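Below: one structure, written as structure tokens.
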2 protein chains.
Amino acid sequence: MTTRVLPGPRERLLEAAKELTYAQGVGVGVDALLKAANVARRSLYEHFGGKDGLITEVLRLSAAEDEAAYERTMRAAGDDPRRRILAVFDWLGEVIEEPDFRGCRYLAAELALADPDHPGHEVTRRYNARIRALLESELRDLDHPRPAHAADQLLVLINGALAVGATRPGTLPAAAARELAEHLLDEGRG
Amino acid sequence: MTTRVLPGPRERLLEAAKELTYAQGVGVGVDALLKAANVARRSLYEHFGGKDGLITEVLRLSAAEDEAAYERTMRAAGDDPRRRILAVFDWLGEVIEEPDFRGCRYLAAELALADPDHPGHEVTRRYNARIRALLESELRDLDHPRPAHAADQLLVLINGALAVGATRPGTLPAAAARELAEHLLDEGRG
DNA sequence: GACGATATAGACCGATCGATCTACTCGTCA
DNA sequence: TGACGAGTAGATCGATCGGTCTATATCGTC
């Protein structure tokens, strides 16, 4: 059986690390992670090889979850690609207004991991590429004249809203970004 | 005399810390800062009271310099507010393409300083507010119908370009942002 | 030339870092 | 029953953390 009734030390560690690395950054100490997960020190090194392995796995897991959240948001918005894209900004607005919002986890990791060879960088790079591909696909469905370029612009708007949301809470940057996205989507349709 | 021919330990520390905290994040060790600045350990605590004081002062100094850079960029672009604002994005494009670009220093500090009471947060908050005020002033000169709202949007575009530039180097996010800024500036003039 | 302020050099502090190790417990399955 | 794998508990490691300390050197100024 690969399934399990109670979450094992691996799952507990991943969950605790997901929360703590977001709330306090990837600089959190191993002791804090072990205590929060209620896991023996040895288990961390058995399952992940070390702190870097755990952090990388957390990023991978979160990336998959967040990508799924983008897809779920768009699916729930119906079939119109325009509505689906704008729904992303509405959802981001809710995320940003959550009381414990602390900005984009992947950008924070990108900036905090000083070692350029840390495997976490590759994860964040791929995550951004996948979100961008998701957006470009919608833009093609919309028959946008420049889907690749518009996808780059949407990525700027998304990351901008998340960044401003971290520094200036309460200014509703997602709504501001959504409005710019509308202009972008209307391109080439008079 | 308050001026000095050779930079003293205070100036050397600030300069070294400005570089190291950007390249490696605010988590850099005190030893690394002292070594890079060639300064005695004691001098750091005499001048800044501790690591946090040094970091905060670096943020303050950098904020003043960067704000001046915005103003210089706009001044060099002439008198037309539209040109002046778009020049900011051209300048950001150059900054992002610099080989050692590592994203926005203030957002990185905001995300890395886990303690919400760290005085650095106030500095980054004020910095963003001042840049926003700078932009809003230009928008008023331009007789933009919604200067405050448009300033918020420009801030999203700027932070978005810097964020994407950190994660996806070479994709020219500043140019993408500039194009969206043009739409924004043309608002209400048919 | 003496003084005081400002440096430097570096020992030293307790705390914490990430990581390794041993010893013990517990459940499973042969 | 007994061997084994997985997990816990916790001592321990060397390194590094931020910070304090003493001792010495250098400087400008009276």
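Values below: every heavy atom of this structure, side chains too, minus hydrogens, waters and symmetry copies. Computed from a predicted structure; not experimentally measured. Proteins come first, then strands; the chains are lettered A, B, ... in the order of their sequence lines, and each starts at number 1.
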| message | Please list, in numerical order, the residues of residues 46-54 of chain A that have a heavy atom closer than 4.0 Å to any atom of DNA chain D. | response |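 Within this stretch, A/His47 sit under 4.0 Å of the strand.
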Can you list, in residue-number order, the parts of residues 26-34 of chain B that come under 4.0 Å of DNA chain D, counting heavy atoms only?
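Heavy-atom contacts with DNA chain D come from B/Val28, B/Gly29, B/Val30, B/Asp31.
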With rounding to the nearest 0.5 angstrom, report the [atom1] to [atom2] distance, [X] to [Y].
| X | Y | atom1 | atom2 | answer |
| --- | --- | --- | --- | --- |
| A/Leu61 | A/Thr56 | CG | OG1 | 12.5 Å |
| A/His183 | B/Leu180 | NE2 | CG | 10.0 Å |
| B/Glu179 | B/Leu86 | CD | CG | 11.0 Å |
| A/Asp141 | A/Glu136 | CG | CD | 11.0 Å |
| B/Ser62 | B/Tyr127 | OG | OH | 9.5 Å |
| B/Leu185 | B/Leu154 | CG | CG | 6.0 Å |

Query raised in the report: Would one find a side-chain N or O of B/Ser43 under 4.0 angstrom from OP1 or OP2 of C/dT6?
Result: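 No, because none of the side-chain N or O atoms of B/Ser43 sits under 4.0 Å from OP1 or OP2 of C/dT6.
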ask   = Counting just side-chain N and O atoms, does A/Arg41 come under 4.0 Å of either OP1 or OP2 of D/dC13?
value =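 Answer is no, no contact under 4.0 Å.
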Tell me: [atom1] of [X] to [atom2] of [N], nearest whole Å?
| X | N | atom1 | atom2 | result |
| --- | --- | --- | --- | --- |
| B/Ile55 | D/dC17 | CD1 | C1' | 13 Å |
| A/Leu20 | C/dC17 | CG | P | 12 Å |
| B/Leu44 | C/dA7 | CG | P | 12 Å |
| B/Leu13 | C/dA7 | CG | P | 10 Å |
| B/Tyr45 | C/dA11 | OH | C1' | 15 Å |

Please set out all donor-acceptor pairs under 3.5 angstrom arising from side-chain atoms of residues 72-80 of chain B, sequence neighbours excluded.
unit_1: B/Thr73; atom_1: OG1; unit_2: B/Ala69; atom_2: O; d: 2.8
unit_1: B/Asp80; atom_1: OD1; unit_2: B/Arg82; atom_2: N; d: 3.2

### Query
Looking across every strand, which nucleic acid part, if any, lies under 4.0 Å from B/Arg12 by heavy atom: base, sugar-phosphate, or nothing?
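Here B/Arg12 touches the backbone only, sparing every base.
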### Any residue of residues 110-124 of chain A with a heavy atom less than 4.0 Å from an atom of DNA chain C
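By residue number: none to list.
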Exercise. Give a yes or no on whether the backbone of A/Asn38 and the side-chain of A/Arg12 come within a donor-acceptor separation of less than 3.5 Å.
Key: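 Yes; judged by distance alone, with no hydrogens or angles, the pair exists.
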Might you list the N or O atoms of the protein lying below 3.5 Å from N or O atoms in nucleotides 22-26 of chain D, with each pair's distance?
unit_1: D/dT22; atom_1: O4; unit_2: B/Arg42; atom_2: NH1; d: 3.4

Only distances under 3.5 Å count here; give the side-chain donor-acceptor pairs of residues 155-177 of chain A to other protein atoms, sequence neighbours excluded, each with its distance to 0.1 Å.
unit_1: A/Asn159; atom_1: ND2; unit_2: A/Leu155; atom_2: O; d: 2.9
unit_1: A/Thr167; atom_1: OG1; unit_2: A/Ala163; atom_2: O; d: 3.4
unit_1: A/Thr171; atom_1: OG1; unit_2: A/Arg168; atom_2: O; d: 2.8

Using 4.0 Å as the upper bound for N to carboxylate O, is an ion pair formed by B/Glu65 and B/Arg105?
->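 No, no charged N to carboxylate O under 4.0 Å.
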If you compare all heavy atoms of A/Leu59 against all heavy atoms of A/Tyr106, which two are closest, and at what distance to 0.1 Å?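 It is O-CE2, 3.9 Å.
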Margin query: Tell me whether A/Tyr22 shares a hydrophobic cluster with A/Tyr70, the cluster being built from Ile, Leu, Val, Met, Phe, Trp, Tyr side chains joined at under 4.5 Å.
Written below: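 Cluster IDs for A/Tyr22 and A/Tyr70 match.
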Check for me, please, whether A/Ile55 and A/Leu14 land in the same ILVMFWY cluster - side-chain distances under 4.5 Å, paths through other members count.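 Looking at the clustering, A/Leu14 is in a separate group from A/Ile55.
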